[in-house]
Every structure is written in structure tokens, then in C-alpha cells.
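I have placed the structure first, in the form of C-alpha cells, so that the comments after it can refer back to it.
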Number of protein chains: 2
Amino acid sequence: MKIPVLEIFGPTIQGEGMVIGRKTMFVRTAGCDYSCSWCDSKFTWDGSEKDSIQMLEPAEIFDSLKEVGGNKFGHVTISGGNPGLLKQIDSLVDLLHQHQIEVALETQGSRWQNWFTKIDDLTLSPKPPSSGMKTNFTTLDYIIERLHKEQDGHFSLKVVIFDQEDLTYAEQIHERYPSVTLFLQVGNDNLEANENESLLSDLLEKYEKLIDRVMENKLLKDVRVLPQLHTYLWGNKRGV
Amino acid sequence: MKIPVLEIFGPTIQGEGMVIGRKTMFVRTAGCDYSCSWCDSKFTWDGSEKDSIQMLEPAEIFDSLKEVGGNKFGHVTISGGNPGLLKQIDSLVDLLHQHQIEVALETQGSRWQNWFTKIDDLTLSPKPPSSGMKTNFTTLDYIIERLHKEQDGHFSLKVVIFDQEDLTYAEQIHERYPSVTLFLQVGNDNLEANENESLLSDLLEKYEKLIDRVMENKLLKDVRVLPQLHTYLWGNKRGV
Ligand code: SF4
Ligand code: SF4
């Protein structure tokens, strides 16, 4: 069963979330059921790169990973878009595991897949109000309940924070799922910036402000506040 | 049993290692059996702040944490110096656990303590050649074997990298303990810098170089490469 793939690159570091800093390869799938206002990978779903989508079998993806990454990796991150839409990711995960390669994946949690339980590092990133999207909590509750019972690997929650409303949303998420580690990530609304130096100081300022607010917050105790390290290093550049 | 304490501060984020970004309080103990050339907390052992050391009972430390951090934290990091020298940390850990507070601790791994098995996030940071120190591998082997068997929480290895020799040392560590997650941390030898902007670009350049070298390295597969986030935010300032 073929998978729609837009990019395969690496090894590089994972710049964000639960395995931040991890040496990994990236496989980016096409297609998303959301359309977040500040999406940093609109090209995966807005049609602009439709002609670059390759329909690949898991074995072809594996070959391509080996071609690009050689013998230098033991971890693959499947990103999107929303790879959680694709039933056929299942056999890719199995194939990678057969080769002792660990798998990370991020999805907003709008749809359940049985293969979620096999992912080594699964990030659920429900979208806060600033995205313009609405969370279906019936679905998210179901996903988290099943993961609690059945998951082999690790999973965590991640919320991107742009404003005070988003922080209130994060509080609700933390209260609803208190036993799941919650990552708060600094939002980047400066996606067009080409000049890395001003982007960097802007992002650092935002990071410090977010830290200040979270440190003062009694409801947000067991949280981790992180930036996107790749934007510090490479700005908004793709494929690094 | 009293504990020699130099600083209690927070909540702030943990800027490095296995729980990077975590909201935490810090308790810094005095005293170290090493004297690393690039130690960023020499004041804990070089006598310069001898007069600031307070001998505190665990209950007094807990009161002080509450006084400073109020009801805003659920995690405490014990740092040094080398807190692994102090048998009496045991009852502090128990006291924090009684209050549902998780505990992280970092030690170079030169000495075993029975309470290591109770630490929720234990970082072993053996020192590479650039430090001028020599690792006692008999001791480190013993510690890691016991942790594998008995530890309740999580533990990881962290090596600070300044040069190529340090990277070779990290390879040896990774080969010797393949199942323990290894964090590689960018070394900061610019401890006197007061001007944060030039320090930042220097640190980012070093981070990128380290990433490049690790990405090309076949022996360093399952590793995480991280900076010290607090130096990006606050330079070499203490107590933040
Ligand atoms: S869910 Fe992710 S990929 Fe989809 S629109 Fe939102 S940010 Fe973009
Ligand atoms: S072990 Fe840590 S505290 Fe001790 S001298 Fe080395 S860097 Fe400093």
C-alpha cells in the first residue's frame, strides 16, 4: 500500500518536542485534515507542491532512507501534514522495526490508527484556539485512553503557544490528561523571515516571555517549555 | 543530617540534558571531588564562596523551596558540585517524594550512593579528556549495572564535547553502554563573556559544528545533541 511522500531527508536533529536533539531521518507525508492559520508546512496540503508528491511503497521509502542516510541513523521521524490519516503507515513502522530503527511520529490526534501503539515516540499535538481549529475531545479522549492501555513506546502531548488563550487551552489539556507529559512550544508566526538574526532574537524573546508566564502559573506544574531548535540554527529553511 | 547548600532558586526551566525545558526548582550543593578545567560552577568547590555555604536539614531545604517557589512547582533538580558525594541526600529525596515532587540529579559518576535508585531523572555525566579528569570505569560500570537492575526512575548519560578527543571519548562511552541514552552537550568555554549577543552566536556556531560531526558519525547513532538553553536566554548569569 503506497504512501504519499513529499520529502525524505537527514540525518539531522529533531528540533522540538519529546525527543528534542535526537539524531533522526525525516519522512514527510502529504495531506492534512486541518488548515491551521500558522501551519509551517502548508505545502503538504495546500496543493502548491502537488506535483512533487511521490506514491511510495514502504520498501521504497526504506531504500530511499538508506540511500540518503546510509548507515548513520537508528531513528526515523514521520511527519506531515497529518500522517495519522494514513492506515498504510502500519507496514512502514513494521519494516523499520525489523531493521532495529526506532520511529517517532507527530499527529494532532484527530483520528485513531491501530499502529499508534507501535510508535516509539508518539507526539499528540492538539491545536490551540489561535490555529482556528477546534479540538474534538471525544476523539482525543479515546486516543489517550487506548494509548494508556496499549502503547509499547512513549507518548506525550504538545501544545504550540501563541497567546494567552492558547495558554488557557494548555491548562485545560493538562488538567484533562494530568499523567501525560505536556510540552509547551513557542509559536513561530514569522514564517516569511529570511534574515536569521532578527528571527532569532524575536524567537528568543518569545521563548523567554513564555517561560515567564509558565513559571508563574500554578496549574502548569509538570510541563516542559521548549523552542524549535532548528529555527535557531537554520531559520525557516527546509530540509535541514 | 545536614546538607551543604549554596543556592536555592526557581522555578525556572532546566536548560540541558534529559529533561530539558522542564519546569523545576534548583538546589545547588557545595563540594566536588573533581576539578574540571572548564567547570562552570567552580564556586562550589574552589573556596571562593565558602562563607555562603549553609548547612541545612532536608526539612529546612524543603521550607526554603516552598518559600521561594510557592505552589508553582512539582520538580526539583539537585545540582552541584557533585551531590553524589553526599550520603544525606537520601532523606531529602524521600521528603520531596512524600510531597509528590519529582527529583532530578546530576553527578559525574565517581561514587555510588544507594539513593541513586530513587532519583526520577538521574544524569551520569562522565568527564571527557578536555576536562583534565580521568574516568574510573570500574566505578562507572558498577553504577550503571546497579541502575539497570534497581532504578525506579529514568537515567541517562551526558558527555560535554569541546573537541575531537571528547567525541572519541563519547564514542567509547556509547559503545560501552549502548542501551543507555547518550546526550552530547555543546561545551561552553566562554564563561567570562558578559556580552550575550556574541556569546550566543558563538554557541550556536559550536552547536551547528557539533551537529555536523555527529550526523556524519556512524558510531554515534542513538544519541541526542543538545545545547544549554539557559545560556541562549541568559548568557552566563547565575540563579536564573
Ligand atoms: S495539523 Fe499540522 S500540518 Fe495540519 S494544518 Fe495544522 S499545523 Fe499544518
Ligand atoms: S564534576 Fe562538575 S562540578 Fe565537579 S569540577 Fe567537574 S564540572 Fe565542576
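Since the structure is predicted, the reported quantities are computational estimates derived from the model, not experimental observations. Side chains included, hydrogens not; waters and symmetry mates left out as well; all remaining heavy atoms used. Numbers restart at 1 for each chain; the letters A, B, ... are given by sequence-line order, proteins then strands.
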task = State, without any angle test, whether B:Asn71 and A:Lys221 hold a side-chain donor-acceptor pair at a distance under 3.5 Å.
result =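 Looking only at side-chain atoms, A:Lys221 and B:Asn71 do form a donor-acceptor pair, the distance falling under 3.5 Å.
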key: Straight-line distance of B:Gln100 CD to A:Asp222 CG, nearest 0.5 Å   =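 That separation rounds to 10.5 Å.
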Spacing of OG1 belonging to A:Thr12 relative to CD1 belonging to B:Ile211, to within rounding of 0.5 Å =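 Reported value, rounded in 0.5 Å steps: 6.5 Å.
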Would you indicate whether [X], at its atom [atom1], is surrounded by more than 12 heavy atoms from other residues, nucleotides or ligands within a distance under 6.0 Å?
{"X": "B:His230", "atom1": "NE2", "value": "yes"}
{"X": "B:Lys66", "atom1": "NZ", "value": "yes"}
{"X": "A:Glu171", "atom1": "CD", "value": "yes"}

Which atoms of [X] approach chain B - backbone, side chain, both or neither, heavy atom under 4.5 Å:
{"X": "A:Leu226", "value": "side chain"}
{"X": "A:Glu216", "value": "both"}
{"X": "A:Leu229", "value": "side chain"}

key: For B:Tyr232, the option from A:Leu200, A:Leu204, A:Leu203 that meets side-chain contact (heavy atoms from CB on, under 4.5 Å)   =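 Option passing the side-chain contact (heavy atoms from CB on, under 4.5 Å) with B:Tyr232: A:Leu204.
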Under 4.5 Å between any side-chain heavy atoms of [X] and [Y], yes or no?
{"X": "B:Ile20", "Y": "A:Arg224", "answer": "yes"}
{"X": "B:Arg22", "Y": "A:Val225", "answer": "no"}
{"X": "B:Met215", "Y": "A:Lys23", "answer": "yes"}

message = Shorter than 4.5 Å, heavy atoms on both sides: which option in B:Gly74, B:Ser201, B:Gly70, B:Gly69 has the most such pairs with chain A?
response =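 Of the options given, most contacts go to B:Gly74.
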inquiry  = At a 4.5 Å cut-off on heavy atoms, which part of B:Ile13 comes close to chain A: side chain, backbone, both, or neither?
reply    =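 Both backbone and side chain.
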